[in-house]
Amino acid sequence: MNRLQVELPGLSLKNPIMPASGCFGFGREYSRLYDLNILGAIMIKATTPKPRLGNPLPRVAETEAGMLNSIGLQNPGLDKVMEEELPWLEKHCSVPIIANVAGFSEEDYVEVAGKISTAPNVRAIELNISCPNVKTGGIAFGTQPEVAHNLIRKVKKVSRVPVYVKLSPNVTNIVDIAKAVEAGGADGLTMINTLIGMKLDLKTAKPILANKTGGLSGPAIKPVAIRMIYEVSQQVSIPIIGMGGICCAEDVIEFLYAGASAVAIGSANFADPYICPSIIDRLPGLLDELGFNHITECIGRSWKTQ
Amino acid sequence: MIQKEMCTITNHQQIASNIFEMTLQGDIVLLMDEPGQFVHLKVSEGIDPLLRRPISISSVNKESRQFTIIYRVQGRGTALLSKKRTGDVVDVLGPLGNGFPLDETGPNETALLVGGGIGIPPLYELSCRLVSKGIKVVHVLGFASKDAVFYEEKFMKLGTTYIATADGSYGRKGLVTDVIETEGISFDTLYACGPIPMLKALEDKFPDKKVFISMEERMCCGIGACYACVCHTKFDKEGSSYKKVCSDGPVFRAGEVIL
């Protein structure tokens with residue numbers, strides 16, 4: 001028995017650990033450090049219909065136990081991802097790929113989702129309606145329940161694989177959005193994207209990031225993610241892939257307790273590029289220490305009656 | 001090849017105002033082949049500060065499995081690093097990036113090495129390697145002021161060395177480009193590392209020469225995955241083609257990227 005096996009719509013995961021979108025490129029760089037096949041899945045960098053260079057520099061700023069980024073969805077565009085990045089991944093690893101789909105209009109999302117879901121190794125898409133770093137699109141689709149609902153319905157019609165929707169924490173009531181997304185036909189949720197933040201330069205008094213604001217990630221946001229997953233997982237029946245500041249195996253268990261069924265590792269890859277393999281190695285021992293036979297026993301334990 | 005290793009500090013000292021020299025020991029040294037590459041250091045255990053610090057390698061000794069870095073205390077991360085003592089271990093990822101090309105300068109030719117401030121350290125290993133190939137080296141090193149000057153004697157042992165300070169408190173007063181001009185320094189290849197305005201001035205001044213520049217940029221992953229340190233290329237100034245300073249650089253041929 002594989003104690004770490006988790007089954008989700010479209011995704012048969014040998015362990016619930018995957019690198020988060022935007023923190024792992026398209027896998028090439030990390031493949032030089034370790035065998036990608038050890039991962040549960042890979043969430044690749046957001047893909048838009050056309051190539052994007054992204055925002056001006058500086059694009060990152062370190063903050064207390066975290067960091068701000070405003071990369072701005074830099075990516076080589078749908079055609080190149082289909083022709084180069086996904087085939088490269090298929091050749092070098094057999095883990096399920098979750099394609100992060102981004103855009104600036106409904107048409108963009110529909111175009112990317114329809115096409116990218118035909119790639120043989122793409123087993124699910126992650127609909128990015130929560131990027132805080134682009135002026136139009138992105139987060140605009142993720143903060144209004146009806147807008148999100150309508151978009152999901154359109155994307156569901158064209159996608160050949162299950163659709164997970166990445167939720168933004170920059171909302172008043174995340175449960176409302178989650179419910180609207182579920183009603184729109186989403187197969188799962190991924191949460192949370194980054195929190196909008198800002199850092200000022202002591203000498204110039206101006207924002208450090210050229211884009212002024214950026215998305216806060218890292219351990220600093222973990223309590224926010226835990227709280228939101230705790231709330232949402234009790235109100236929807238679709239599974240959640242949790243993310244937001246996970247740095248160690250203990251954090252993974254806490255996310256599962258909150259209600260996530262699997263997790264993604266983001267900024268921690270930058271602090272330690274070997275973080276995913278080391279968490280995967282540590283998990284069985286931690287399950288022993290906590291007295292669990294199987295990792296799925298942890299899911300929702302914070303609110304489920306035992 | 002890239003490796004992560006807990007390296008032991010064998011020497012750590014302040015060598016100028018806010019400037020520290022740290023020597024570390026580990027097998028990772030055996031991978032350090034190109035002068036101009038850098039290491040990515042975790043300055044403390046735990047999650048805060050979260051990110052690593054990219055610092056260029058200033059010298060390598062494979063026999064003793066030791067390498068040296070020189071860094072300026074600039075913020076919280078480097079301040080924490082400066083508190084470490086001999087015998088402490090540091091989490092090192094590296095070697096990262098592409099270094100200066102040695103084979104662009106032939107034997108009996110002259111290489112001019114121009115550095116500004118904390119851009120100077122990687123030029124030391126470069127100079128040692130060029131000298132060992134029989135290449136004549138000339139150094140022009142710029143500092144803010146007298147108290148920031150370091151490694152003058154070490155560079156002098158390798159070749160003619162000019163020091164310039166912005167405030168004139170030591171050496172020539174002015175910029176490195178002024179020194180090159182007033183001294184009429186002739187050379188076959190120019191290698192430079194320092195602030196962008198300095199690199200740009202050198203690029204503009206010697207459009208017909210072989211010039212290699214090393215860039216500094218805010219980095220995050222250090223291995224090319226996060227897209228924090230991208231820059232535009234000469235042939236596509238506004239478009240979607242780009243280079244990553246960490247993994248395509250930090251050394252570029254002059255004109256390759258937009259400064």
Side-chain angles (χ1 to χ4, degrees), chain A residues 19 22-34 45-46 50-77 80 202 208-210 217-220 222 245-248 251 266-275 278, chain B residues 1-6 31 40-54 74-78 80 91-94 96-97 196 215-233 236-248 257-259:
Chain A
C23 301
F24 208 72
F26 294 91
R28 289 177 194 253
E29 293 79 14
Y30 288 88
S31 73
R32 294 165 61 202
L33 304 182
Y34 62 84
K45 192 156 174 46
K50 297 273 175 293
R52 276 182 58 81
L53 186 66
N55 289 330
L57 272 59
R59 293 175 168 190
V60 291
E62 195 176 42
T63 58
E64 291 74 16
M67 59 173 287
L68 292 164
N69 88 79
S70 66
I71 306 296
L73 298 180
Q74 177 163 6
N75 77 93
K80 210 161 178 185
L202 199 58
I208 288 179
L209 297 176
S217 63
K222 199 186 90 181
I246 296 174
C247 282
C248 59
D251 291 344
S267 318
N269 287 291
F270 305 148
D272 176 3
Y274 297 92
I275 189 71
S278 63
Chain B
M1 200 184 136
I2 300 167
Q3 192 173 309
K4 190 177 83 131
E5 186 180 359
M6 299 303 290
L31 303 171
H40 217 17
L41 304 181
K42 196 93 174 78
V43 295
S44 66
E45 285 179 32
I47 55 170
D48 189 40
L50 182 66
L51 301 175
R52 288 170 181 267
R53 298 296 185 271
Q74 205 149 286
R76 205 171 134 236
T78 40
L80 283 166
D91 179 343
V92 180
L93 181 72
L96 302 180
I196 297 280
M215 289 181 64
E216 277 199 316
E217 193 48 76
R218 274 171 188 267
M219 287 181 192
C220 193
C221 71
I223 60 171
C226 76
Y227 298 78
C229 63
V230 297
C231 48
H232 287 273
T233 59
D236 190 12
K237 291 180 184 176
E238 299 295 328
S240 59
S241 72
Y242 59 90
K243 294 279 180 187
K244 300 170 190 167
V245 173
C246 69
S247 57
D248 295 320
V257 295
I258 304 292
L259 295 175

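In this text, all values refer to a predicted model and were calculated from it rather than measured experimentally. When reading the values below, keep in mind they use all heavy atoms of this one structure, side chains included, and skip hydrogens, waters and symmetry mates. Protein chains get the first letters and strands the later ones, always in sequence-line order, with residue 1 at the start of each.
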Checking B/Cys231 against chain A: side chain, backbone, both or neither under 4.5 Å from a heavy atom? neither
Spacing of A/Leu53 atom CG and B/Tyr227 atom OH [to the nearest 0.5 Å]: 11.0 Å
Given side chains that start at C-beta, do those of B/Ile223 and A/Leu33 come closer than 4.5 Å, heavy atoms only? yes
Heavy-atom cut-off 4.5 Å, strictly under: side chain, backbone, both or neither for A/Lys50 against chain B? neither
With a 4.5 angstrom heavy-atom cut-off, could you sort out which part of A/Leu202 is near chain B: side chain, backbone, both or neither? neither
Chain A contact via B/Leu93 - which portion, at a heavy-atom distance below 4.5 Å: side chain
Output yes when A/Glu62 and B/Arg53 qualify as a salt bridge under the 4.0 Å nitrogen-oxygen rule, no when they do not. yes
Look at B/Ser247, B/Gly75, B/Gly77, B/Cys220 and state which one has the largest set of heavy-atom pairs under 4.5 Å with chain A. B/Cys220
Please report the interatomic distance CD(A/Gln74) to NZ(B/Lys244), rounded to the nearest 0.5 Å. 8.0 Å
Chain B heavy atoms under 4.5 Å from A/Ser70: which part of the residue, side chain, backbone, both or neither? neither
Can you sort out the partners of B/Lys4 under side chain to side chain donor-acceptor pair (under 3.5 Å), two or more places apart, ordered by chain and number? A/Asp272
Hey, which of A/Ala271, A/Gly25, A/Cys248 has the most heavy atom pairs under 4.5 Å with chain B? A/Ala271
A/Cys247 side, atom SG; B/Leu50 side, atom CG - distance, nearest 0.5 Å: 6.0 Å
Partner chain B: residue of A/Ala61, A/Cys23, A/Gly66, A/Gly54 with the largest heavy-atom pair count (under 4.5 Å): A/Gly66
When A/Pro51, A/Ala65, A/Pro58, A/Gly218 are compared by non-hydrogen pairs under 4.5 Å with chain B, the top option: A/Ala65
Please list, chain by chain and in numerical order, all residues satisfying salt bridge (charged side-chain N to carboxylate O under 4.0 Å, His left out) with B/Arg218, sequence neighbours excluded. none
Tell me if the CD atom of B/Gln3 is crowded by more than 12 foreign heavy atoms within 6.0 Å. yes
Using 0.5 Å steps for rounding, measure from the SG atom of B/Cys226 to the CD1 atom of A/Ile71. 5.5 Å
